[in-house]
Student: 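Have a look at this one before I ask anything.
Note on naming: letters A, B, ... go to the chains in the order of the sequence lines (proteins, then strands), and numbering restarts at 1 for each one. Scope of the values below: all heavy atoms of this structure, side chains included, with no hydrogens, waters or symmetry mates.
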Protein chains: 2
Amino acid sequence: MTDATTRAMRQPSMADVARAAGVSAQTVSRTLRDSPNVNPETRQRVLAAVEQLGYRFNSAAKMLSSGRSHTIGLVLLQSGGYYSRSAVTAGVEAAAGEAGYAVSIATIAGLDTGLMERSLGKLADQGVDGIVIAVPLISVTQKMEDITRDIPTVTVDGSRTAGARVLGIDQREAGRVATQHLLDLGHRQVWHVAGPDEWIEARQRRQGWQECLAVAGVEAPPVLEGDWSPDSGFRQGQILAMIPEVTAIFAASDEMAFGVIRALRERGRTVPDDVSIVSVDDIALAAYCAPPLTTVRQDFYASGAAAVSLLLQAPDPVDDAVIEPPLLSVRSSTAVPRL
Amino acid sequence: MTDATTRAMRQPSMADVARAAGVSAQTVSRTLRDSPNVNPETRQRVLAAVEQLGYRFNSAAKMLSSGRSHTIGLVLLQSGGYYSRSAVTAGVEAAAGEAGYAVSIATIAGLDTGLMERSLGKLADQGVDGIVIAVPLISVTQKMEDITRDIPTVTVDGSRTAGARVLGIDQREAGRVATQHLLDLGHRQVWHVAGPDEWIEARQRRQGWQECLAVAGVEAPPVLEGDWSPDSGFRQGQILAMIPEVTAIFAASDEMAFGVIRALRERGRTVPDDVSIVSVDDIALAAYCAPPLTTVRQDFYASGAAAVSLLLQAPDPVDDAVIEPPLLSVRSSTAVPRL
DNA sequence: GTTAGAAATGGCATCGATAACATAGGCTCG
DNA sequence: CGAGCCTATGTTATCGATGCCATTTCTAAC
């Protein structure tokens, strides 16, 4: 095993490139980082050497000496079906990639504060430059604040940590728009199948519904709570089907809405003839299942992207940002009430 | 700015811990890595110091000196709606987290080879210890092979690179099971709405369908190709609705199936009375939309998890692994054909 | 009572890139 | 024509943990 052999085996380093190009390692470094003070001719030679040796820089070394990892962490809830989260993820990835940042993910299995702490810790260990939290946890512990103190953090539709900025779609507005649509059609009362109360989205949508009813001078009926799944919608729908005066329902997600619709139909109540239903998300299937769902769409993708730019561009705490307003797609799950 | 101030400001290093515990940095390192030769008493002291100073190790330094990053890269297709991919992701994350590995994601926007190369390059730059490719790309270029040569790679339901191992659910079997179910009900012919041909899944499901028909001595009708979206299913459904002899359809995904169903219904053909339809995925909504869908479920989560364990446990190329077989859920979108 | 060997620990070089400083040549301007 | 200043480049120390080797202490065995 000669020295040459050894050198051939490991990844080429900057020193190797420098040798090949007949310059110092520092010049290579400058070239690769687009430093202004490099002679174009030298640059050419360096780039040629890089190409020829197949050099890739070592991110660990880069990070160790520069102190920055060019990585941002993304905390996610590990749960198959929640539409909005996956859209946020895509937005984060795209925006981070654009800016030359890598994205490291940490998923948590449940809404437990301990799990959350562990995830943040893992990301901190990895030395991420920033963190996007896309988890709807309400409570924030001391320990979480300790961890996030040193790392810029943006929370998407979640809880507010001391130093963290929060950015979110106006979920209250979504709830308001949905509810108002039903009232406009002539319904006197709107029932609500909410998401789990620990979810900020769920809470805000419920608030929007409540406020809208209050403005209209209607007393809000009791809230039925689901867990976002079609099955939970189905169970709450079975209850609603037994209450004759129910003519309009606002479901907090499309999937729950379809569950509710199925339960109603099984009890002989049709949508939209007997009951109108409107929900939030506008998943791809909303327009194609029977009946096509009237639903409020929100741009979660943009929200994820915005989180990243907030993280990277503004080092100082900034006031909350808000993405574009929710948009109602009227389809055939809603109609004027029967007389 | 005294020396003490400076020290208080940066993250404590191993040397700081060592000083606090009255040992050498080396001993701290050994303690933290569970090296056998450390006196229990010393270990206690070190751990106490770690706790007190709030020490977190610096992953860059660790990686630089040990040469391993404890990170695995995951290549994904950036596309909102594909059910199976997000399940794979969850599986990868869970298994990697379990093993103490971080997951870094690289999404690609389309099935372009150049994009793929760039993503792999980014992951290679990050120094990942392994890569899981969850992208159904067929072609593999020289450059991709160059990159993956040095890094262990597992492909989930995708193309085979020279050194890469491939692991997959038996999609052919899924296609076969679905088709056989329709034949068993008494249908003489089964039509197929396939996924895009660049997708390995789509191809394999189509193969299973084809083979099953061949075994039954039926000549396969022309294939209609969609793009997985409900909308594409709808468009192909409009065509199928115009062909009177169509009584049974196998759709390559649940979302497309719902699109097909809607198109059929708009042309006055009901499911399952006039036409039976079966698909693959078993998304949460499959049981709750109208009609509840007969569909084949596959364990993509397990597939993702298996990819990681393959990556971490077996350094040498191993033969392909196969996850548990697909399972048919019979609901009400399929029935015996009308006489 | 010496020696072999294990257990516990410390010292030093090292990984690869970068920051900070140093230097050499070329240009401008009074 | 020399002071002053840019430009292009090289030198050296540094980031923080680890690998390897050296050292000390202790125990067991002959």
Student: Do side-chain atoms of A:Thr155 reach the backbone of A:Thr153 as a donor and acceptor pair under 3.5 angstrom?
Tutor: no

Student: Check side-chain contact (heavy atoms from CB on, under 4.5 Å) between A:Met63 and all other residues, then give those that pass, not counting sequence neighbours.
Tutor: A:Ser69, B:Ser59, B:Ala60

Student: Can you give me every donor-acceptor pair (side chain of residues 40-54 of chain A, partner residue at least two apart or in another chain, under 3.5 Å) with its distance?
Tutor:
unit_1: A:Arg45; atom_1: NH1; unit_2: A:Ala21; atom_2: O; d: 2.8

Student: Looking at side-chain heavy atoms only, is the closest gap between B:Val128 and B:Ile72 below 4.5 Å?
Tutor: no

Student: Any side-chain heavy atom of A:Leu64 sitting closer than 4.5 Å to one from B:Asn58?
Tutor: yes

Student: With respect to the phosphate group of C:dG11, does any side-chain polar atom (N or O) of B:Ser24 fall under 4.0 Å of OP1 or OP2?
Tutor: no

Student: May I ask you to test the A:Met14-A:Tyr55 pair for a side-chain heavy-atom distance under 4.5 Å?
Tutor: yes

Student: Just jot down the side-chain hydrogen bond (donor to acceptor under 3.5 Å, both in side chains) partners of A:Ser29, sequence neighbours excluded, or say none.
Tutor: A:Arg33

Student: If an axis is fit to five pairs at each end of the helix from C:dG1-D:dC30 to C:dG30-D:dC1, what is the angle between the two, to the nearest 10°?
Tutor: 40°

Student: Which part of the nucleic acid does B:Val23 contact within heavy-atom distance under 4.0 Å: base, sugar-phosphate only, or nothing?
Tutor: sugar-phosphate

Student: Going by heavy atoms closer than 4.0 Å, what residues in residues 56-68 of chain A are next to DNA chain C?
Tutor: A:Phe57, A:Asn58, A:Ala61, A:Lys62, A:Leu64, A:Ser65

Student: Taking A:Ser66 for the side chain and A:Lys62 for the main chain, is one N or O donor matched with an acceptor at less than 3.5 Å?
Tutor: yes

Student: Pairs in or reaching into residues 123-134 of chain B: which pass salt bridge (Lys or Arg N to Asp or Glu O under 4.0 Å), with residues at least two apart or in two chains?
Tutor: A:Arg56-B:Asp125, B:Arg68-B:Asp129

Student: Nearest-Å distance, CD (A:Gln26) to P (D:dT14)?
Tutor: 16 Å

Student: Which ring-ring contact (aromatic ring centres under 6.0 Å, His included) pairs, counting each pair once, include a residue from residues 86-120 of chain B, with sequence neighbours left out?
Tutor: B:His70-B:Tyr101

Student: Which atoms form the tightest heavy-atom contact between B:Val38 and B:Thr31, and what is the distance?
Tutor: CG1-OG1, 3.8 Å

Student: Tell me which residues in residues 29-54 of chain A put a heavy atom below 4.0 Å from DNA chain D, sorted by number, or none.
Tutor: A:Arg30, A:Pro36, A:Asn37, A:Val38, A:Asn39, A:Thr42

Student: Taking only nitrogen or oxygen atoms into account, show me every contact under 3.5 Å that the protein makes with nucleotides 25-27 of chain C, one pair per line with its distance.
Tutor:
none

Student: Kindly write out the residues that satisfy side-chain hydrogen bond (donor to acceptor under 3.5 Å, both in side chains) with B:Ser104, not counting sequence neighbours, or none if the list is empty.
Tutor: B:Gln126

Student: Rounded to whole angstrom units, what separation is found between the CE atom of B:Met14 and the P atom of C:dT9?
Tutor: 15 Å

Student: Could you list the residues that satisfy side-chain contact (heavy atoms from CB on, under 4.5 Å) with B:Ser24, not counting sequence neighbours?
Tutor: B:Gln26, B:Thr27

Student: Could you state the OH-P distance from B:Tyr55 to D:dG16, rounded to the nearest angstrom?
Tutor: 10 Å

